[in-house]
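Residue numbering restarts at 1 for every chain, and letters A, B, ... go by the order of the sequence lines. Just so it is clear, the model here is predicted, and its values are computed rather than measured.
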Number of protein chains: 2
Amino acid sequence: MNHYANQTRLLVAIDCIIFGFDGQEIKLLLIKRNFEPEQGKWSLMGGFVKEDEDLDVSASRILYELTGLTNIYVEQVQIFGNVRRDPVERTLSVMYFALINIADHDTDAVRSHNASWISLSQKPNLIFDHDEMVAIAMDRLRYKAALHPLGFELLPEKFTIPQLQKLYEAVYNIPLDRRNFSRKLLSTGLLQETGEKDENSATKKAMLYRLNQDRYQSRFNAFWNFVPDSMLV
Amino acid sequence: MNHYANQTRLLVAIDCIIFGFDGQEIKLLLIKRNFEPEQGKWSLMGGFVKEDEDLDVSASRILYELTGLTNIYVEQVQIFGNVRRDPVERTLSVMYFALINIADHDTDAVRSHNASWISLSQKPNLIFDHDEMVAIAMDRLRYKAALHPLGFELLPEKFTIPQLQKLYEAVYNIPLDRRNFSRKLLSTGLLQETGEKDENSATKKAMLYRLNQDRYQSRFNAFWNFVPDSMLV
DNA sequence: GCAAAAGTGTTGGCGTTACACCCATGA
DNA sequence: TCATGGGTGTAACGCCAACACTTTTGC
């Protein structure tokens, strides 16, 4: 037995929801399509899965093509499989979400793909079911970030607590108390002091921290709420 | 443009992790394969996605074939896509988990598929990557049940609080305090009294409740911890 | 010195835990 | 009437939201 007979084979694509953070707002990396179908419209970055390519590898390849980055944080969210989701031909789509630091990426690669960073609040309508994908990815981000310390991938390697707070405020669109946020975060023991300070500040310079990767991996499931319960209803 | 040229098409299967509860233990519905490949070994229930079938429909069809049940609680977990996960031929597999009340299902359909309910503690090794799928599904169940009131699908329509407690104890393999469990649960307002009592008990008969479906839907994300934080590390 | 941002302390309320106690049932 | 399991009460503790105060920096 070396193959399954009489079974349908289907096209399988990857679509990437790429989140970035510029210090103020959550942004999405979107492309204005200069190819068919739906040329001229906005969509997520995507591509077809190849014959000999694991799904995760495929997602990483597509992200690399657009951003020039390897070792990005990616996470499979779900697969979309409605028969008529792609009007050209039935295509399944595995949705991945990625978190990257906007400052890191390769601007040439982005430009050559006709892509741009667009804030969530100004997102245009996207093709197919891509709007729904973005909504689901955002929900996932909120859900996870409410329970786990998340989002370090969206910041520089060395970051300050106020920067991380800004990120959380952007994710949930609410203000958080500076003092409580800081204490809760430090109590996790996830941050290592670098001894340096943020020179960009015009006033008191905040301490720069680095993520303790080992502890982050091992204690990821030590749940932890950054957001008041009332937010999550 | 009516199709995508020069792209690989792939086999896509569904595999179902079917959880049940018998009042004491969490069980899995597994089949002893009387067909190739891997005839004679144990596996999850599965099947190929058809040409004109949405993924969720495909999962429901496969569950119906085995259990005779419709309107089962199913949830897509993730897609497995490693190139060599199926030794016969590359096959992607979309993993679904289902929760059903063991007492409900169609025993003839189960028997004709050579399937059995097997407690997690006695699970045999399964084919391909199905062991990994079960582990991931169990993690998902634990994760969700820690945050949301979950598992009503595993119980009869009318159930007692002690029954639900037994379920939670089985999911986490830990004892829970009867009194605290009961109060926490009632405080959610998710349970409606039926006025009836459980006649099966030999001692004091517990009150039977019914799930308030509307409230359950709308407040699912009102997070809620049944399990001490220490369990979740 | 002043405004603006960062860091440290203190409090009260609320939810959770860990118990003791009472009730219903059948043998 | 006793054993078993179900239901209600409560006190201590800990966490967290809310808010006051101090420190650093540049103009």
Side-chain angles (χ1 to χ4, degrees), chain A residues 23-24 145-149 155 158-169 172 174-209 222-233, chain B residues 23-24 145-149 155 158-170 172 174-209 219 222-233:
Chain A
Q24 295 299 129
L147 301 166
H148 308 273
L155 297 174
K158 298 176 190 174
F159 55 88
T160 67
I161 294 182
Q163 280 178 321
L164 189 56
Q165 182 181 338
K166 280 233 161 55
L167 172 55
Y168 262 82
E169 292 179 329
Y172 293 104
I174 50 163
L176 294 172
D177 186 278
R178 187 168 40 89
R179 299 149 289 192
N180 295 332
F181 185 85
S182 160
R183 231 173 317 99
K184 210 181 253 191
L185 192 55
L186 289 172
S187 75
T188 63
L190 289 176
L191 301 191
Q192 286 176 323
E193 289 194 38
T194 62
E196 300 166 65
K197 297 193 172 185
D198 177 16
E199 293 300 327
N200 296 321
S201 171
T203 63
K204 181 171 182 177
K205 300 182 190 330
M207 294 190 242
L208 284 164
Y209 291 87
F223 290 17
W224 174 87
N225 282 337
F226 256 134
V227 181
D229 287 352
S230 58
M231 273 304 302
L232 299 164
V233 178
Chain B
Q24 295 299 129
L147 300 167
H148 310 273
L155 297 174
K158 298 175 190 173
F159 55 87
T160 67
I161 294 181
Q163 280 178 320
L164 190 58
Q165 184 181 336
K166 281 232 161 53
L167 172 55
Y168 262 82
E169 292 179 330
Y172 293 104
I174 50 161
L176 293 172
D177 186 278
R178 188 168 38 90
R179 299 148 290 192
N180 295 332
F181 185 86
S182 161
R183 231 172 317 100
K184 211 182 253 189
L185 191 54
L186 289 171
S187 74
T188 63
L190 291 176
L191 301 192
Q192 286 176 324
E193 289 195 37
T194 62
E196 300 166 67
K197 297 192 170 184
D198 177 17
E199 292 300 327
N200 294 319
S201 171
T203 63
K204 180 170 182 176
K205 299 181 191 330
M207 293 191 245
L208 284 164
Y209 292 86
R219 296 198 24 100
F223 289 18
W224 173 87
N225 282 335
F226 257 135
V227 180
D229 288 351
S230 57
M231 272 304 303
L232 299 165
V233 178

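In this structure, the CD atom of B:Glu193 is 13 Å from the C1' atom of D:dG6, given to the nearest Å. Taking atom CD of residue B:Glu199 and atom P of nucleotide D:dG6, one finds them 14 Å apart after rounding to whole Å. The CD-P distance, from B:Glu169 to D:dG5, rounds to 13 Å in whole Å. Distance, A:Leu191 CG to C:dG7 P: 11 Å, rounded to whole Å. The distance from atom CD of B:Gln165 to atom P of D:dG6 is 8 Å, rounded to the nearest whole Å. Across the protein-nucleic acid pair, A:Leu164 atom CG and C:dG7 atom P stand 12 Å apart, rounded to whole Å. D:dA18 atom P lies 11 Å from atom CG of A:Leu176, rounded to whole Å.
Position along DNA chain D of the nearest nucleotide to B:Lys166 versus B:Asp177 favours B:Lys166 as the more 5'-ward residue. Projected onto DNA chain C by closest heavy-atom contact, A:Gln163 and B:Asn180 fall at different nucleotides, the more 5' of which corresponds to A:Gln163.
For A:Gln165, the side chain to side chain donor-acceptor pair (under 3.5 Å) test picks out A:Glu169, with sequence neighbours left out. Evaluation of the side chain to side chain donor-acceptor pair (under 3.5 Å) rule for A:Arg183 yields A:Asn180 as partners, not counting sequence neighbours. For A:Arg179, the side chain to side chain donor-acceptor pair (under 3.5 Å) criterion is met by A:Asp177, not counting sequence neighbours. In this structure, the side-chain contact (heavy atoms from CB on, under 4.5 Å) partners of B:Pro162, at least two apart in sequence or on a different chain, are B:Thr160, B:Ala206. Residues satisfying the ring-ring contact (aromatic ring centres under 6.0 Å, His included) criterion with A:Tyr209, sequence neighbours excluded, are absent altogether. In terms of the salt bridge (charged side-chain N to carboxylate O under 4.0 Å, His left out) criterion, residue partners of A:Lys158 (sequence neighbours excluded) are, by chain and number, A:Glu196. Not counting sequence neighbours, A:Gln24 has no partner by the side chain to side chain donor-acceptor pair (under 3.5 Å) test.
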Between N or O atoms, less than 3.5 Å apart, protein on one side and nucleotides 22-25 of chain C on the other: list the pairs.
unit_1: C:dC23; atom_1: O2; unit_2: B:Lys204; atom_2: NZ; d: 3.4

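Within residues 181-190 of chain A, the residues approaching DNA chain D are A:Arg183, A:Lys184, by heavy-atom distance under 4.0 Å.
Closest to the side chain of B:Arg179, from the set D:dA17, D:dG9, C:dG9, is D:dG9.
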Item checked: Evaluation steps, side-chain contact (heavy atoms from CB on, under 4.5 Å), between B:Leu167 and B:Leu164 -> CA-CA 5 Å; B:Leu167 172 55; B:Leu164 190 58; 4.0 Å; yes
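For the side chain to side chain contact (heavy atoms under 4.5 Å, CB included) criterion with B:Phe159, the lone passing option out of B:Asp198, B:Leu191, B:Thr194 is B:Leu191.
A donor N or O paired with an acceptor N or O is found under 3.5 Å between the base of C:dG7 and the side-chain atoms of A:Arg178.
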